[in-house]
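Here the structure comes first, spelled out in structure tokens, and everything after it is commentary.
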Protein chains: 2
Amino acid sequence: MIEVLRKHITTRLGNDLDHLDEVLSSFKHISTKRNEQLLQQGNICKNVYFIAKGCLQVYVHDKDLNETTRDIVIEDNWCSELLSFGSGKPATENVRTVEPCELFAIDRKSFQTMMETVPQFDKVYKQILEASYANSVYRINTFVSLTAFERIKWLMEYRPLLMTRLSSKLIASYLGINKDVFSRLKAKL
Amino acid sequence: MIEVLRKHITTRLGNDLDHLDEVLSSFKHISTKRNEQLLQQGNICKNVYFIAKGCLQVYVHDKDLNETTRDIVIEDNWCSELLSFGSGKPATENVRTVEPCELFAIDRKSFQTMMETVPQFDKVYKQILEASYANSVYRINTFVSLTAFERIKWLMEYRPLLMTRLSSKLIASYLGINKDVFSRLKAKL
DNA sequence: TGTGAGCGATGACAAAAGTCGATGTTTTAC
DNA sequence: GTAAAACATCGACTTTTGTCATCGCTCACA
């Protein structure tokens, strides 16, 4: 499993990375069931997770206690509540596993140590942050102006795997539409 | 005018910042009219702007050529298309002035020089990026689950200045609702 | 001073989305 | 293996939102 992470890192930072084994050993391997809570809103986000296998959901509760899913992250990607992780302030979002997962977690202290000892490592944080930001900007710019039906077609086109892999309820909360509406519109595709 | 920028920086990075005058002199002062295009989608974003006075709009065009406004940025804040500025790739968004503005612009080359010569300066980029990301995350998490009426009430509560300062058309495109709907709902407040 | 462009408001209507209750299915827990 | 819980779908209905045409106002400017 750690090979997935090794490959991910070398692909991005090059094969000649010093201390690669040291970097890898600073991650802790975690196997989870589905529906495990990795972060609760209000707590401080202690880890950045690399997903070797499985799927995570980043979400909040709206005023009616419905879940609103900001992001769904699958294998070979990083997931965290970066703003809390970076600042040490309480998280505004929740994170849970959607499927059984194989994760590699690095905590703030180890992350800090890596930043100091491995020169290229501070690029990692910047890369994750920039990728997360790009993702958010894209999401705002596309979704704000799309109808429910267009959002579904968008998902079919750009993240088709999710359509088959996730529950309708979860997809609807990711697309920001009502689950009954999602069910009806899906039938019209 | 440059005093606004000086104060902004010292407030965040401390009074004892070395090279402060050098930093300040790497910015170019720009006075604009309203409705000036600072960045066109597809071009490379050359500057980061500090707004000493005025207001900028960051927007895209949807499939029907309507404008969707991702952000409205007022004085004492930074504005750019960071993903393009940071990577040198074409911008996905447009930026224009909404009012006559007093701006301080720093281009990529000067920014790079500052990063190298002024140790604290690389914090600036990280701070701007983190603030932008926080802003986007917040926008997604709140807006996705709000009705048009609730979005208007949100604006009244959290950015009341914008209600009086901007045109209805612009506010509607920021809230992601139709301008006629905005007009009707506003009357019911 | 007149003219035209842009803006904001509004009524009438159409379309989209949300709500609720019922029902059958699948998954989970013991 | 079975009961309970969660999920997906659907019809009927309500509410919200979008569209379009119209009208009056303001402002820039020839």
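To find a chain, count down the sequence lines: A is the first, B the second, and so on, and within it residues start at 1. Note that the structure is predicted; figures quoted are calculated from it, not measured.
Here D:dT17 is the nucleotide among C:dG18, C:dC7, D:dT17 with the atom lying nearest to any side-chain atom of B:V181. Of the candidate nucleotides C:dA9, C:dT27, D:dT9, C:dT27 has the atom lying nearest to any side-chain atom of A:R34.
Between A:E150 and B:K63 there is a salt bridge, with a side-chain nitrogen of the basic residue lying less than 4.0 Å from a carboxylate oxygen of the acidic one. Taking 4.0 Å as the cut-off between side-chain N and carboxylate O, B:E67 and B:K169 do not count as a salt-bridged pair.
Checking side-chain atoms of A:E116 against main-chain N and O of A:T113 turns up no donor-acceptor pair under 3.5 Å.
A:S168 comes within contact range of the sugar-phosphate backbone alone, with a heavy-atom separation under 4.0 Å but no base atom that close. Note on A:K33: nothing from the nucleic acid sits closer than 4.0 angstrom, heavy atoms only.
Taking atom CG of B:N35 as the reference point, atom P of D:dC27 lies 16 Å away to the nearest angstrom. Here D:dT17 presents its P atom at 18 Å from CG of B:N66, a figure rounded to the nearest Å. Between the CZ atom of A:R151 and the P atom of C:dA17 there is a distance of 8 Å, rounded to whole Å. Counting to the nearest Å, the C1' atom of D:dA8 and the CG atom of A:L189 are 16 Å from each other. In this structure, CG of B:L170 is placed 13 Å from C1' of C:dC7, rounded to the nearest angstrom. Summarising the geometry, the separation between CG on B:D62 and P on D:dG18 is reported as 12 Å, rounded to the nearest angstrom. Look at CD1 on B:I177: it is 15 Å from P on C:dA17, rounded to the nearest Å. Separating the CG atom of B:N178 from the P atom of D:dC20 is a distance of 10 Å, rounded to the nearest angstrom.
Side-chain polar atoms of A:E36 and A:T97 form no donor-acceptor pair below 3.5 angstrom. Side-chain atoms of A:S26 and A:S110 include no donor-acceptor pair closer than 3.5 Å.
Remark on DNA chain D: of its neighbouring residues B:D180 and B:L185, the 5'-side contact belongs to B:L185, judged by nearest-heavy-atom nucleotide.
Listed pair B:K179 / D:dG18 fails the phosphate criterion, with no side-chain N or O lying under 4.0 Å from OP1 or OP2. The shortest distance between the side-chain N/O atoms of A:R184 and the OP1/OP2 oxygens of C:dA16 is not below 4.0 Å.
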